[in-house]
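Take a look at the structure set out below.
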Amino acid sequence: MEVCYQLPVLPLDRPVPKHVLSRRGAISFSSSSSLFGCPDPRQLSQRRGAISYDSSDQTAVYIRMLGDVRVRSRVGFEPERRGSHPYLYIDFRILHSCPESVGPVCSRKVRRLLSFQRYLHCSRFFRGFPPQNPLYILDDDYTGQAKCMLEKVGNWNFDIFLFDRLTNGNSLVSLSFHLFSCFGLIEFFHLDMVKLRRFLVMVQEDYHNQNPYHNAVHAADVTQAMHCYLKEPKLCKSLTPWDILLGLLAAATHDLDHPGVNQSFLIKTNHYLASLYKNTSVLENHHWRSAVGLLRESGLFAHLSAEDRLKMESELGSLILATDISRQNEYLSQFRAHLDREDLCLDDAGHRHFILQMALKCADICNPCRTWELSKQWSEKVTQEFFHQGDIEKKYKLEVSPLCDRQLETVADIQIGFITYVVEPLFVEWARFTDTRLSQTMLGYLGLNKAGWKGMLQGQAVSGDDTDPAFEENDPDTLPQESREL
């Protein structure tokens, strides 16, 4: 027998119930409840503590919202469709201590529901592979190297991939905690360091490491870039601790719980996220609501006044929503107009917030402005994610999204277009705003990388091979299970 119901929705103006906070991202049932003996599974939605889904509520915080929460018996799973495309259906499963055993499930063995990320973390277990020991202890040499790298975190050539390896995949937690300390935010805002670390760990866990590009390493990279911009002379002398706190929080959470597919995919598959946010900044709204949920769950700012907390949540959303690439021209035109009129005044809180929006936009797409070694890795990763989406769209007979067809596109083509029409115009204006050594360095790398991709494209044309062996089409049946179930 199977019990299914929709993901929980928590209105922003209400406190998160304690039974939800009893374990992050989980909804717990009493061990004495007759969970598997309920005559009508849907009656569970009437149980005390159950949370229903209201698609008309746009002020909702979704906890693990990219799928349905389910409870299953040991017998198996039978998906129940809710109008979304079948690809977007995700299994949230109970981790049993003895998966091989059969027989009725006694009430005392009912486990808490796993969140989306908890399920993904244990997905190898469900695919037949024995679970591995999650406790990896870094030796002093690796820890020492990571600390040495943090001393140069303001260097534009900072290698986030190496740092992620040295921290055993904890780059976002280690980097963000270090920056909070360096900027004096812990002392200024009287933050509980245990709550701060818990919040950062939850943020890192809610990024999907199965995504080639939109994962915790990308978030750490954007946070490091944001740090470099915040240290620019023009900003450093004007930004307040509140501005710096918002900038770092927005950078760390700007792609929180990204499913690895774009807004177009969610709309064409009638995903309820697209309906909830009326097809407008769907992913960005979800990232923001997810970040607010974790802030409230962690209690990081519980000691601040309610007014300050609401202000922080609102301004955090304004920053994250600015990363919507479909609104690029809107923000760029406004930025250019300010620079032409020379009316930006960083003593004005509104103008400082706008500059934070532009800084976050630059940090989010700064990969082509890195060294070739780093930029090329990011370019290949984002293209891999695009092509993966295209493979799924082909499998389900959907129209393939632009840039997602591996038969028509190459990494070089995509990057040249991206640099020419998106990155260059933004960074040229950013250099007008703050004409520093860093700005010129970024423009220099941008020009070199664009030339490098053009050279690679010409080489492919001469050889007559316009396909990249690194991105040969995958059999949709061999796609990672986690990705197929997003």
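What you see is a predicted model; the values in this text were computed from it and never measured.
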Step-by-step side chain to side chain contact (heavy atoms under 4.5 Å, CB included) determination, Glu297 to Arg198 = CA-CA 10 Å; Glu297 183 177 341; Arg198 178 172 180 257; 4.2 Å; yes

Verdict with reasoning, Tyr277 to Glu284, per side chain to side chain contact (heavy atoms under 4.5 Å, CB included) = CA-CA 10 Å; Tyr277 298 117; Glu284 290 73 25; over 6 Å; no

Which is it for Leu408 and Val400 under the side chain to side chain contact (heavy atoms under 4.5 Å, CB included) test, yes or no, and what are the steps along the way?
-> CA-CA 11 Å; Leu408 302 177; Val400 179; over 6 Å; no

Go through the steps for Leu230 and Leu248 under the test side chain to side chain contact (heavy atoms under 4.5 Å, CB included), then give the verdict.
-> CA-CA 9 Å; Leu230 295 177; Leu248 293 180; 4.0 Å; yes

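Donor-acceptor pairing under 3.5 Å is lacking for the side chains of Glu385 and Asn211. Counted by atom type alone, His218 and Asp364 present one or more donor-acceptor pairs between their side chains at under 3.5 Å. Side-chain N/O atoms of Asn157 and Tyr445 include a donor and acceptor closer than 3.5 Å. For the residue pair Ser401 / Glu393, a side-chain donor-acceptor distance below 3.5 Å is found, with atom types taken as modelled. Ser290 and Asp257 form no side-chain donor-acceptor contact under 3.5 Å, judged by distance and modelled atom types alone. In this structure, a donor-acceptor pair under 3.5 Å is absent between the side chains of Asn449 and Asn367.
The closest donor-acceptor contact from the side chain of Thr223 to the backbone of Ala219 lies under 3.5 Å. In terms of modelled atom types and a separation under 3.5 Å, the side chain of Lys450 and the main chain of Ile419 share no donor-acceptor contact. Here the side chain of Thr280 pairs a donor or acceptor atom with the backbone of Lys278 at under 3.5 angstrom. Side-chain N or O atoms of Gln377 include one that pairs as donor or acceptor with a backbone N or O of Glu373 at under 3.5 Å. With Gln224 contributing its side chain and Asn155 its backbone, the two residues share a donor-acceptor pair below 3.5 Å. In this structure, the side chain of Glu313 does not engage the main chain of Val292 through any donor-acceptor pair within 3.5 Å. For the pair Gln204 (side chain) and Val173 (backbone), a donor-acceptor distance under 3.5 Å is present. Panel note: side chain Thr420, backbone Gly417; no donor-acceptor pair is recorded below 3.5 Å. A distance-only check finds a donor-acceptor pair linking the side chain of His271 to the backbone of Leu273 [under 3.5 Å].
A 4.5 Å side-chain heavy-atom check between Gln357 and His353 finds at least one atom pair inside the cut-off. Proximity of Lys361 to Gln328: side-chain heavy atoms (C-beta onward) are separated by under 4.5 Å at one or more points. Leu245 is listed as a side-chain neighbour of Phe180, based on a closest heavy-atom distance under 4.5 Å. Taking 4.5 Å as the limit, every side-chain heavy atom of Ser298 sits out of range of all side-chain heavy atoms of Leu200. Using a 4.5 Å heavy-atom threshold, the side chains of Trp242 and Glu315 count as touching. Put simply, the side chain of Thr253 reaches to within 4.5 Å of the side chain of Leu316, judged on heavy atoms. With contacts defined as side-chain heavy-atom distances shorter than 4.5 Å, the pair Leu398/Phe265 qualifies. Here the side chains of Val382 and Gln415 are in contact, with some heavy-atom distance below 4.5 Å.
Scanning all heavy atoms of the two residues, the minimum distance from Trp156 to Cys228 falls at CE3-SG, 3.9 Å. In plain terms, the two heavy atoms of Asp159 and Met149 that are nearest each other are O-CE, 3.4 Å. Minimum interatomic distance between His287 and His254 (heavy atoms only, all atoms of both residues): CD2-O, 3.0 Å. Counting all heavy atoms, side chain and backbone alike, Leu319 lies closest to Leu360 at O-CD2, 3.4 Å. The two residues Ile160 and Ser171 come nearest to each other via the heavy atoms CD1-CB, 4.4 Å. Across every non-hydrogen atom of Asp243 and Leu356, the tightest pair is O-CD1, 3.5 Å.
Remark: Leu438 CG to Tyr229 OH distance equals 6.5 Å, nearest 0.5 Å. Rounded to the nearest 0.5 Å, atoms CG (Leu249) and CZ (Phe199) are 5.5 Å apart. We find the OG1-NE2 distance between Thr167 and His178 to be 13.0 Å, quoted to the nearest 0.5 Å. Taking NE2 of His258 as the reference point, atom CG of Asn262 lies at 7.5 Å (rounded to 0.5 Å). To the nearest 0.5 Å, atom OH of residue Tyr421 and atom CG of residue Asn329 are 12.5 Å apart. Taken to the nearest 0.5 Å, the CG atom of Leu191 stands 8.0 Å off from the CG atom of Leu304.
In this pair, Phe183 and His227 present their aromatic rings perpendicular. The plane angle is above 60°, beyond the 30 to 60° band. Ring planes of Trp378 and Tyr213: perpendicular class, angle over 60° (limits at 30 and 60°). In this pair, Trp430 and Phe335 present their aromatic rings tilted. The plane angle is within the 30 to 60° band.
Between Glu380 and Lys376, at least one side-chain nitrogen of the basic residue sits less than 4.0 Å from a carboxylate oxygen of the acidic one, meeting the salt-bridge criterion.
Atom NZ of Lys231 sits in a sparse spot, with 12 or fewer heavy atoms from other residues, nucleotides or ligands closer than 6.0 Å.
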